[in-house]
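The structure appears below as structure tokens.
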Amino acid sequence: METKSKIFSQRLVKAVIWNICLQTILAILLVFFIQIDLIHPITWITSTFNDIFSWKMSLNIVLLGLVSCFQAYLYGSQYSMPVPKYFTRISMFLNMFSLQNIIFSTLYALNGYFTMSLYSSLAKSNFNVLKKKCENYDGQCLIEQSLFLQIGGMWMGLHYFTKSHLFGAAVLTFPHIYQEKFQQIKLVISNIVSMGFQHSITPVAYYCLFYFVWGNKPRSVVSDVYSLYLEDPPLDNIINLISSGIWIGLWFYASLFFISIYTMKTVFNVVLTEPMKFPIESNKDMTLATALSERLQFTSYLGALDLKNLSRTDPARRGQIFTLSQPGRHPKNWNNLLEKCLYIINEFNKELESINRDSCTVDNGIQSKVGFPKVAPSPTRYTGSLRNMASPQLLELKTQNTTIVDDTLATAVKDEFNSFLQKLCQKPGISYFFGELVDTKLKFILIQAQPVMWTCEGLAYIVSSSLKEDQYGIVQHDLPTVLAAFVSLKQNLDKLTKPGLVPRKHILNDALAIKNRSALLSAVKRSLYKIVLTFSKYIHEIPLDPDVLTAIQPFILCKEP
């Protein structure tokens, strides 16, 4: 059977191959434009080919390829596992120093270093080596410009890692209308180039300030290790740094580094988000219901996207959903699919309900005192004379009562300890670090709303299609359940959007979370409209709860905005 690991691994290998090819093309174009010589075109072309096939460029590309492979594994693993939950400041702080982040930051620093070395060597400058023959001394001197660029490359890698992974959300962006890989890359390549040159300005400015303050320390260490002299003006002087013009080279190389990083990210996104068709029933491959069951994982995104696509454009697979099993004649396919869809919707709905729960009900420091409840005596009848007090029946009763008291004592101690922790976490200083961040939790939930949108739309279109295609009427039997799930989700989303209903601590400042909240609400409304308008003639014959029937009245009258 084709497992989720196999699906993910195959796409990861494709992404790495695409990335290495595009990085090589980028390096070749750089060599081509750096050595441009219109007066001597033959020399220009010959020199370009010599540099392209030189051992230096081959070595740098191999090193970049190895780093890209490690980055691909770590970058892609974020989409194959559920996103960890960090809802307190202390947990977010501890996550910064996790083993994965340490490895990831090291790889990004190495990637920046190798990228800077590759581009500086292609430019035929002397800034890719640290040593040169001294002019005023008998020995070797340090080329500080090379040291400046190499440390700058590592700085750029760490800056991107900090901004995109520590303080940013790594999410897959699925296109609304899928296009071929090359077409998608062609459409965004100009934007990638402009973003690379723009986004490199700030980290270059920060790095120049850092080198002005601390540049003498790495220079001293390298000079001592390699026994090098310094005969050029030191770059930790602001006048020398500006006059040398090396900061312009750093900005140019940093821009190329960001372009290569954005290219890698785009390639990964394009390859990983390619739609995939899952069979409705199969003993060899992963089915659609199994893919949907992998909630909050990479495969669930592909399954939800496939559900949306088949509900609109694949009548053959829709027909399989509406078939009955043989033998038995049970709607096995529909039941499995509905179970997984409702699980996705209801679990997301429960998380929204926990957010929307009245904050006044949360502990306000008034905790009921936990006492030791009295144990009622057992109704066992005592018979016999006084000497029978040591009978086995009474020994059993004594043991049973002792167990009950022990369990009650353990529960009381546990409740008392939890109460103490809740009170402790409400202290001003401790609450800042250990208190739950509601806005962070809400952002975490909404960022993962994409599969819920597709599941709602796919389920709605399948239910609507069943009016003409479901000859056994198996879907209509579950129509009240589907409508109730959609109505409940809509009501919880309304509490996050309507003025006056949003608590101050629930207000979002994250653009992606706000966008997903609006998109999810629109998807749920579209789904309700699709079902209600399709079954408008029969809506009062469906056994709906009064609350659900009241909630869908605006949709029946087409007055829901």
Side-chain angles (χ1 to χ4, degrees), residues 67 89 92-98 101-121 123 125-132 134-137 139-168 195-261:
V67 175
R89 289 183 175 89
M92 293 171 65
F93 177 78
L94 294 176
N95 174 58
M96 294 181 184
F97 302 97
S98 64
N101 283 340
I102 292 174
I103 297 175
F104 216 5
S105 61
T106 303
L107 289 174
Y108 265 111
L110 290 175
N111 193 11
Y113 172 80
F114 289 131
T115 302
M116 206 67 69
S117 300
L118 170 63
Y119 293 149
S120 60
S121 64
S125 64
N126 294 325
F127 297 149
N128 59 330
V129 292
L130 291 173
K131 303 176 184 179
K132 70 173 184 177
C134 298
E135 297 178 0
N136 303 322
Y137 302 96
Q140 292 184 321
C141 289
L142 174 68
I143 305 178
E144 193 175 2
Q145 288 87 345
S146 298
L147 181 64
F148 181 84
L149 290 179
Q150 292 176 5
I151 299 177
M154 292 186 284
W155 175 281
M156 300 305 155
L158 292 174
H159 177 273
Y160 177 80
F161 165 75
T162 303
K163 183 178 179 181
S164 299
H165 293 270
L166 289 186
F167 301 110
M195 286 174 54
F197 282 95
Q198 292 174 10
H199 293 179
S200 61
I201 296 176
T202 301
V204 167
Y206 287 153
Y207 176 69
C208 290
L209 180 62
F210 163 80
Y211 202 88
F212 170 71
V213 177
W214 300 98
N216 61 321
K217 297 186 181 301
R219 183 182 64 223
S220 301
V221 171
V222 173
S223 299
D224 294 340
V225 170
Y226 292 101
S227 301
L228 302 176
Y229 298 100
L230 181 66
E231 63 178 5
D232 298 325
L235 295 180
D236 56 344
N237 181 287
I238 191 65
I239 298 177
N240 295 337
L241 180 60
I242 294 175
S243 61
S244 66
I246 190 62
W247 58 275
I248 299 177
L250 176 63
W251 172 70
F252 179 72
Y253 294 140
S255 301
L256 295 177
F257 168 73
F258 281 109
I259 291 172
S260 66
I261 288 293

* Asked: What is the ring orientation for F197 with F252, classed by angle as parallel under 30°, tilted 30 to 60°, or perpendicular over 60°?
  -> tilted
* Asked: Okay, side chain of S146, backbone of V129: is any donor-acceptor separation there less than 3.5 Å?
  -> yes
* Asked: When you look at CH2 of W155, are more than 12 heavy atoms from neighbouring residues, nucleotides or ligands closer to it than 6.0 Å?
  -> yes
* **Parallel, tilted or perpendicular: ring planes of H159 versus Y206, cut at 30 and 60 degrees** => tilted
* Sub-4.5 Å side-chain heavy-atom contact between L149 and L250 -> yes
* To do: To the nearest 0.5 Å, tell me how far I143 CD1 sits from Q150 CD.
  => 10.0 Å
* Indicate yes or no: at least one non-hydrogen side-chain atom of I261 is less than 4.5 angstrom from one of N111. => yes
* Structure fact -> For A254 and V204 the tightest heavy-atom approach is CB-CG2, 4.0 Å
* Closest heavy-atom contact between L147 and Y207? -> O-OH, 4.3 Å
* Could you tell me whether E231 and K132 have a side-chain N and a carboxylate O separated by less than 4.0 Å? => yes
* To do: Check whether any side-chain heavy atom of E144 lies under 4.5 Å from a side-chain heavy atom of I246, and answer yes or no.
  => no
* Asked: Can you check side chain to side chain contact (heavy atoms under 4.5 Å, CB included) on Y211 and L235, steps first, answer last?
  -> CA-CA 8 Å; Y211 202 88; L235 295 180; 3.8 Å; yes
* Asked: What heavy-atom pair brings I151 and P218 nearest, and what distance separates the two atoms?
  -> CD1-CB, 3.7 Å
* Asked: Quick one: are W251 and I201 in side-chain contact, heavy atoms under 4.5 Å?
  -> yes
* Would a 4.5 Å heavy-atom cut-off, applied to side chains only, mark C208 and F148 as touching? -> yes
* **Residues, nucleotides or ligands: over 12 heavy atoms within 6.0 Å of Y113 OH** => no
* Asked: To the nearest 0.5 Å, how far apart are CG in D224 and CZ in R219?
  -> 11.0 Å
* Evaluate side chain to side chain contact (heavy atoms under 4.5 Å, CB included) for Y108 paired with L158, printing each intermediate quantity in order. => CA-CA 6 Å; Y108 265 111; L158 292 174; 5.6 Å; no
* Is there a side-chain contact between F258 and M156 (heavy atoms, below 4.5 Å)? -> yes
* Short N-O contact, D236 and K217, less than 4.0 angstrom -> no
* Asked: With a 4.5 Å limit on heavy-atom distance, are the side chains of P234 and N216 in contact?
  -> no
* Take F161 and N101, measure what side chain to side chain contact (heavy atoms under 4.5 Å, CB included) needs, and give me the verdict at the end. => CA-CA 9 Å; F161 165 75; N101 283 340; 3.9 Å; yes
* To do: Go through the steps to decide whether K131 and Y226 satisfy the test side chain to side chain contact (heavy atoms under 4.5 Å, CB included), and finish with yes or no.
  => CA-CA 9 Å; K131 303 176 184 179; Y226 292 101; 3.7 Å; yes
* **Least distance between heavy atoms, Y253 atom then M116 atom** => CB-SD, 2.9 Å
* To do: Using a 4.5 Å cut-off on heavy atoms from C-beta on, say whether the side chain of I242 contacts that of I238.
  => yes
